[in-house]
Amino acid sequence: MSIEPKLYRGMRDYLPQDMLSREKMLEKVRETFRRWGYAPLATPAIEFKEILTGKYGDMADRLIYDLKHKSGLALRYDLTVPLARVVAMYPNDFPTPFKRYQIQEVWRAERAQPRQGRFREFLQCDVDIVGSDSPVADAEIIALSVQLLAELGFPNAVTRVNHRSLLRGLMEISKIPPEREIEVCRIIDKLDKVGKTGIYEELLTGGYPQKCVDTLFDIILCSGENRELLDFVEDRYSDNERIIGGIKNLREVLKLVSDFGIPSDLLKVDLSLSRGLDYYTGTIFESANAEQPHIGSLTGGGRYDDLIGIFSGKQIPAVGITIGLDRILAALKDAGKLEERTTSTRVLVTVFDEKLFPDSIGLATELRKAGIPSEVYLETRKLKQQFSYADKLGIPFVAVIGEDEKKKGVIALKDMKTGEQENLTAREIIELAK
RNA sequence: GUGGGUGUAGCUCAGCUGGUUAGAGCGCCUGACUGUGGAUCAGGAGGUUCGGGGGUUCAAAUCCCCUCACCCACCCCA
């Protein structure tokens, strides 16, 4: 009687063919962050529940994994709140501004949907700037994420941007009470999915006066080239401070992002973008690949000037973004752009017979010393099987040292792609397999 | 949480107006090829018998009920 091997929904095993591309991607990501001067940080998987709850919103609070094992503990839901906790906990250990990146798992108790890249456990990758309220910080975060996205295989991913205070201003004008803002935001956020008549009806059935809804619609349905759109809204609502402030800030950020060398058509002002998390206060942004609408957002973030204050007592501004690495991987896989290798080995050194093991092992050692990923076949099976092994794993070269080769002092090297084989020295192999 | 779909060999699936030993393709193993893969050809293994439980029937993978798992959509987001 055996136990059925199974996995909780939304959890995944990463088999070698997945892990090789995953690790490669992670190396690229980490390298990019360091190139921009960000410092790494790690925090525990488990936090006190009170640290996490009440920061994300009612909806999200329900998705926090509660640890039944000991009361008062929970699994982290994102990396932003832990960052806020850390900054408040060690006030003297960080420079200002503090730029950090963090790549760790987070857990969300929601319904998983693997093909859309939605999991209960997934790798989040956050970059944040703490301690600066300059629009340059917002712009840098956006520019960094757009550039990284391009490097990871999504050069055309569009980042939609909006501003919380602009949204709040619009709510004021539409006479929507502050406590219902978030609810309204969630509804209008669905604009591109449900369509305008869909959300119009949802708002009406939600009990909002038609007049309010109409006013709101007048604004959020506006679209157009970024600058024109902002000009238009500014012009029309020039008496609302929040709107004017939001627009001014947004304009600065957009300008700065282009100073970072980001093509302006990759950024799109979208007045219906709201983002579900409560803690955002200023710019908000979210990116997706237009060619894969079913995948969902690839990155998302914004400015959260009040979050750290909850822990530290004094207000410390911050802005950051999450890069959805697991989702990016899922999107690449979905698009068939993921090269799936199952090994990093470049040369398989076959073993002719027991007596020649030292020769084969010696060759592999020499190759490794030269930086060529190599492995020795571990048993004296037929060459046929050894070659077949190389073929299955996609190893590009196979080396054979038999009696003949040993006598001549050469190694037979077969190029598995072309099928050609020639006798070479170890040094020649190193050159070839590099 | 709500709605829909699927569940048969390792994988993708066919079989489903109920009827003898449940099939195909791919994969896997062996050999032709006794120092060499990927092609071809010839064999072969593999299903506790059709997710699990119950029911109808002389007889069920096939019909009915329940259950579980997975997938899709919604919700929400990375």
Side-chain angles (χ1 to χ4, degrees), chain A residues 1-2 4-10 56-64 77-80 103-127 145 149 152 157 182-183 185-187 189-190 193-194 198 202 273-277 284-289 293-301 320-331 348-353 356 377 380-406 412-421 423:
Chain A
M1 197 49 193
S2 59
E4 187 198 349
K6 56 182 180 182
L7 218 44
Y8 179 54
R9 188 191 175 117
Y56 306 110
D58 296 342
M59 285 283 214
D61 272 4
R62 267 179 277 144
L63 301 180
I64 296 173
Y77 179 85
D78 74 351
L79 302 178
T80 308
I103 303 174
Q104 288 189 282
E105 312 282 347
V106 302
W107 294 269
R108 294 186 184 179
E110 64 189 328
R111 198 140 183 87
Q113 209 112 90
R115 256 199 70 228
Q116 296 177 5
R118 243 170 84 196
F119 311 98
R120 287 183 171 138
E121 174 185 76
F122 60 96
L123 199 60
Q124 261 203 344
C125 164
D126 277 34
V127 239
S145 69
L149 226 37
L152 296 180
I182 290 170
E183 185 189 344
C185 280
R186 287 221 180 86
I187 296 174
D189 195 46
K190 289 187 276 184
K193 269 188 188 166
V194 186
E202 195 172 341
L273 174 71
S274 66
R275 310 230 358 109
L277 301 178
I284 47 181
F285 28 85
E286 189 171 307
S287 75
N289 181 20
H294 59 286
I295 295 281
S297 56
L298 300 176
T299 69
I321 193 165
T322 294
I323 318 273
L325 291 183
D326 271 330
R327 187 165 282 177
I328 286 169
L329 235 21
L348 173 74
V349 182
T350 59
V351 176
F352 199 77
D353 60 34
L356 290 166
Y377 197 81
T380 53
R381 295 235 182 88
K382 290 178 188 165
L383 280 181
K384 185 187 173 98
Q385 280 168 311
Q386 304 192 39
F387 270 83
S388 172
Y389 171 82
D391 184 54
K392 263 176 227 159
L393 288 177
I395 298 172
F397 297 101
V398 176
V400 179
I401 307 175
E403 299 292 352
D404 298 350
E405 286 80 11
K406 191 174 182 182
L413 188 79
K414 181 160 182 172
D415 181 328
M416 295 295 276
K417 205 162 185 177
T418 63
E420 282 163 29
Q421 180 169 321
N423 288 338

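Naming: A, B, ... by sequence-line order, numbering from 1 per chain.
Straight-line distance between the P atoms of U67(B) and A24(B): roughly 37 Å, to the nearest whole Å. As rounded to the nearest Å, C72(B) and U34(B) have P atoms that lie 48 Å from one another. C13(B) and G7(B) are spaced 9 Å apart, taking the P atom of each and rounding to whole Å. Nucleotides G19(B) and U56(B) have their C1' atoms positioned 16 Å apart, rounded to a whole Å. As rounded to the nearest Å, C50(B) and C71(B) have P atoms that lie 24 Å from one another.
Distances were taken from every side-chain heavy atom of Arg327(A) (C-beta onward) to each of A73(B), G35(B), A78(B); the shortest belongs to A78(B). When distances are taken from the side chain of Arg108(A) to each of U36(B), C77(B), C75(B), the shortest belongs to C77(B). Considering only side-chain atoms of Lys384(A), the nucleotide from U30(B), G35(B), U36(B) that sits closest is U36(B). When each of G37(B), A73(B), G31(B) is scored by its nearest atom to the side-chain atoms of Lys414(A), the top-ranked nucleotide is G37(B). Nearest nucleotide to the Gln113(A) side chain, out of C76(B), G1(B), C72(B): C72(B).
At U36(B), none of the side-chain N or O atoms of Gln386(A) fall inside 4.0 Å of OP1 or OP2 (strictly under the cut-off). Put simply, Arg275(A) has a side-chain N or O that comes within less than 4.0 Å of OP1 or OP2 on A78(B). Phosphate contact (OP1/OP2 of U30(B), side-chain N/O of Gln385(A), threshold under 4.0 Å): present.
Between Glu403(A) and Asp353(A), some side-chain heavy-atom pair lies under the 4.5 Å cut-off.
Per the stacking criterion (ring centres < 5.5 Å, plane angle < 30°), Tyr389(A) does not stack onto the base of G37(B).
Among the atoms of the strands shown, base atoms are found under 4.0 Å from some heavy atom of Gln421(A).
Taking the six-membered ring where tryptophan is involved, the planes of Tyr389(A) and Tyr377(A) are perpendicular, since the angle between them exceeds 60° and thus also 30°.
The heavy-atom pair separating Ile284(A) from Leu273(A) by the smallest distance is CD1-O, 3.6 Å.
Here the CG-CD1 distance, from Leu348(A) to Ile395(A), works out to 5.0 Å after rounding to the nearest 0.5 Å.
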